[in-house]
Amino acid sequence: MITPAVTGKFTVESSQFATFLTAVSEGIGMLTVRAPATSANLGSGFDVFGVALGTPADVIRVERAPETRITVTGAGSQYIPEDPDQNTVGAVADALDAPAHIKIDKGVRPSSGLGSSAASAAGAAVALNALYDRGLSREELVPIAAKGEAVVSGEAHADNVAPSILGGFTIVTDNGVTQVDTSISVVACLPETTVSTRDARGVVPESAPLDDVVNTVGSAATLTVGMTRDDPDLVGRGMNDQIVTPQRTALIDGYDRVHEAALEAGATGVTVSGAGPGVLAVCHDRDQNAIAGAMIDAFDAVGIESRAYQTRVSEGARIYPDRS
Ligand SMILES: Nc1ncnc2c1ncn2[C@@H]1O[C@H](COP(=O)(O)OP(=O)(O)OP(=O)(O)O)[C@@H](O)[C@H]1O
Ligand SMILES: N[C@@H](CCO)C(=O)O
């Protein structure tokens with residue numbers, strides 16, 4: 001199911017949906033994958049937690065070719081290199097030894113905090129694995145897609161690619177990935193500013209006081225139970241983190257105001273989405289609309305335009321095979 005994006009102006013974007021339908025219906029010897037945006041960290045789970053979102057998403061179309069060629073259209077495409085050595089999907093094609101013509105239609109704006117580079121990498125991993133019949137499981141594709149992340153941020157962190165591939169809520173550790181299906185309601189509000197993951201990683205402290213670590217572990221455990229119970233109150237209560245998040249909020253103009261506004265409108269928890277500058281609010285379904293409006297107004301009050309996606313934790317990358 002494809003849910004259209006809700007924007008700050010509360011209009012519906014249809015151009016990407018149209019491109020997607022054309023790709024599905026015209027494809028000859030090719031394969032199309034819709035790979036969702038994701039929100040990593042969720043406050044207490046820095047580099048560990050992630051969720052797949054219903055909207056927005058990247059649409060990746062792949063076709064076998066003697067060597068990899070990449071074209072990029074859509075949201076923020078002017079900032080995304082088509083050189084396979086600099087695009088996350090190039091590293092994925094290399095890792096799978098699966099050269100292809102890869103067309104990326106970006107729905108996830110880069111450097112906004114919704115795992116844009118990861119959505120492309122995850123979509124390419126799922127698509128090329130199927131196109132070349134490599135036979136890898138979704139779990140096995142996670143480290144492959146993470147190689148794409150190393151291209152942009154210097155580290156192969158997997159907390160965005162894991163939920164984009166597997167869907168739901170994911171926990172990434174050195175021992176592998178744990179996945180939980182859930183459909184918690186969220187609002188992701190993206191200001192019209194950018195923060196690169198590389199820069200946001202530069203402010204992460206090298207050590208933390210034990211008290212802060214203890215509190216964050218408690219939060220993370222609470223959040224995890226909340227996800228397994230589909231309980232937005234528990235999830236919201238478990239998002240607090242005093243170690244990384246305070247350093248990151250300083251990079252986001254208007255963050256405190258937006259955080260406060262979302263809580264007042266009914267959010268059960270609010271934090272930086274991924275590396276920012278997007279802000280993620282967890283909520284009950286009934287409060288989504290009010291929270292989206294409040295977050296947009298709060299950014300507006302500091303002179304920053306924004307858009308809000310009212311969505312929920314959803315499925316991972318979906319394959320649409322050639323129907324010709
Ligand atoms: N396929 C791709 N899609 C998006 N960005 C890409 C892609 N390939 C390379 N990039 C580069 O990656 C950078 C964006 O990645 P970055 O990790 O900063 O943001 P992000 O992917 O939106 O993640 P986050 O959720 O951490 O904000 C940009 O410099 C962009 O040019
Ligand atoms: N865990 C990574 C995710 C980036 O989207 C970070 O916060 O730097």
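Indexing begins at 1, ligand by ligand and atom by atom, following the structure's order. When a residue number appears, it is its place in the shown sequence, counting from 1.
- When each atom of ligand 1 is checked for a heavy atom of Ala275 under 4.0 Å away, the hits are 26 (O).
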Notebook entry, point to check: Going through the distances and angles, do Arg248 and Phe46 end up as a side-chain contact (heavy atoms from CB on, under 4.5 Å)?
Noted result: CA-CA 12 Å; Arg248 294 261 179 96; Phe46 176 68; 3.7 Å; yes

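- Looking only at heavy atoms of the protein, atom 27 (O) of ligand 1 is closest to Gly113 N, 2.9 Å.
- The nearest non-hydrogen atom to atom 25 (O) of ligand 1, considering only Pro81, Gly274, Gly115, comes from Gly115.
- There is a side-chain donor-acceptor pair under 3.5 Å between Asp230 and Thr182.
- The contact set between ligand 2 and Arg248, taken as ligand atoms under 4.0 Å from a residue heavy atom, comprises 6 (C), 7 (O), 8 (O).
- If you number the atoms of ligand 2 from 1 as listed, the ones under 4.0 Å from a heavy atom of Asp47 come out as 1 (N), 2 (C), 6 (C).
- With a 4.5 Å cut-off on side-chain heavy atoms, Ile60 and Ser120 count as touching.
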Notebook entry, point to check: After noting the C-alpha distance and the side-chain angles of Val152 and Arg198, does the key distance pass the side-chain contact (heavy atoms from CB on, under 4.5 Å) rule?
Noted result: CA-CA 8 Å; Val152 291; Arg198 201 179 275 271; 5.9 Å; no

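- Considering both main-chain and side-chain atoms, Asn41 comes within under 3.5 Å of ligand 2 through a nitrogen or oxygen pair.
- The protein atom (non-hydrogen) at minimum distance from atom 8 (N) of ligand 1 is Thr88 N, 3.2 Å.
- When non-hydrogen atoms are compared, ligand 1 lies under 4.0 Å from the backbone of Ser112 (N, CA, C, O) but not from its side chain.
- The shortest contact between atom 15 (O) of ligand 1 and any protein heavy atom is with Ser117 OG, 3.5 Å.
- For the atom pair OG of Ser273 and CG of Leu190, the computed distance is 7.5 Å after rounding to the nearest 0.5 Å.
- When non-hydrogen atoms are compared, ligand 2 lies under 4.0 Å from neither the backbone nor the side chain of Val244.
- For the ligand labelled ligand 1, residue Gly276 lies inside the 4.0 Å heavy-atom shell.
- For the residue pair Asp233 / Thr268, no side-chain donor-acceptor distance below 3.5 Å is found, with atom types taken as modelled.
- Closest heavy-atom approach to atom 6 (C) of ligand 1 within the set Val92, Asn87, Ile80: this belongs to Ile80.
- Annotation: atom 3 (C) of ligand 2 to nearest protein heavy atom, Asn160 OD1, 3.6 Å.
- Asp231 and Arg237 are not joined by a salt bridge, as no carboxylate oxygen comes within less than 4.0 angstrom of a charged side-chain nitrogen.
- Every atom of ligand 2 is numbered from 1 in the order shown, and the set under 4.0 Å from a heavy atom of Arg201 is 1 (N), 2 (C), 6 (C), 8 (O).
- When heavy-atom distances to ligand 1 are checked against a 4.0 Å cut-off, Ser116 comes that close through both its backbone and its side chain.
- For the residue pair Ser219/Asn240, the side-chain donor-acceptor check at 3.5 Å is not satisfied.
- The 12-atom threshold is not exceeded at CD of Glu67, counting heavy atoms of other residues, nucleotides or ligands nearer than 6.0 Å.
- Close approach of ligand 1 to Pro110 is summarised as follows: ligand atoms under 4.0 Å from at least one heavy atom of the residue are 22 (O).
- For ligand 1, the atoms closer than 4.0 angstrom to any heavy atom of Tyr79 are 30 (C), 31 (O).
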Next item on the list: Quick one: do Leu223 and Phe169 satisfy side-chain contact (heavy atoms from CB on, under 4.5 Å)? Show the steps, please.
Entry: CA-CA 10 Å; Leu223 185 148; Phe169 167 62; 3.7 Å; yes

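- Of the polar atoms of Ser196, none of the N or O atoms is found under 3.5 Å from an N or O of ligand 1, judged by distance alone.
- Follow the hydrophobic side-chain contacts under 4.5 Å out from Val126 and you reach Val177 in the same cluster.
- Between Asn160 and ligand 1, no pair of N/O atoms sits closer than 3.5 Å.
- Counting heavy atoms of neighbouring residues, nucleotides and ligands inside a 6.0 Å radius, atom CZ of Arg134 exceeds 12 of them.
- For the pair Ser306/Met295, no side-chain contact is recorded, criterion being any heavy-atom separation below 4.5 Å from C-beta on.
- Considering only non-hydrogen atoms, atom 18 (O) of ligand 1 lies nearest to Thr197 out of Thr197, Asp199, Ile104, Val108.
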Note to self: Set out, in order, the CA-CA distance, both residues' side-chain angles and the distance that settles side-chain contact (heavy atoms from CB on, under 4.5 Å) for Ile104 and Val89, then state yes or no.
What the structure shows: CA-CA 9 Å; Ile104 306 171; Val89 305; 3.8 Å; yes

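- Taking each of Val152, Val272, Asp159, Asp58 in turn, the one with a heavy atom nearest to atom 10 (N) of ligand 1 proves to be Val152.
- Inside a 4.0 Å radius of atom 29 (O) of ligand 1 there is not any protein heavy atom.
- Note that the CD1 atom of Ile70 and the NE2 atom of His101 stand 9.0 Å from one another [nearest 0.5 Å].
- Look at Gln86 and you'll find a heavy atom under 4.0 Å from some atom of ligand 1.
- Note: an N/O pair closer than 3.5 Å links Lys106 and ligand 1 by distance alone.
- Distances from ligand 1 to the non-hydrogen atoms of Val89 include no value under 4.0 Å.
- Distance from atom 22 (O) of ligand 1 to its nearest protein heavy atom, with residue and atom name: Ser111 N, 2.9 Å.
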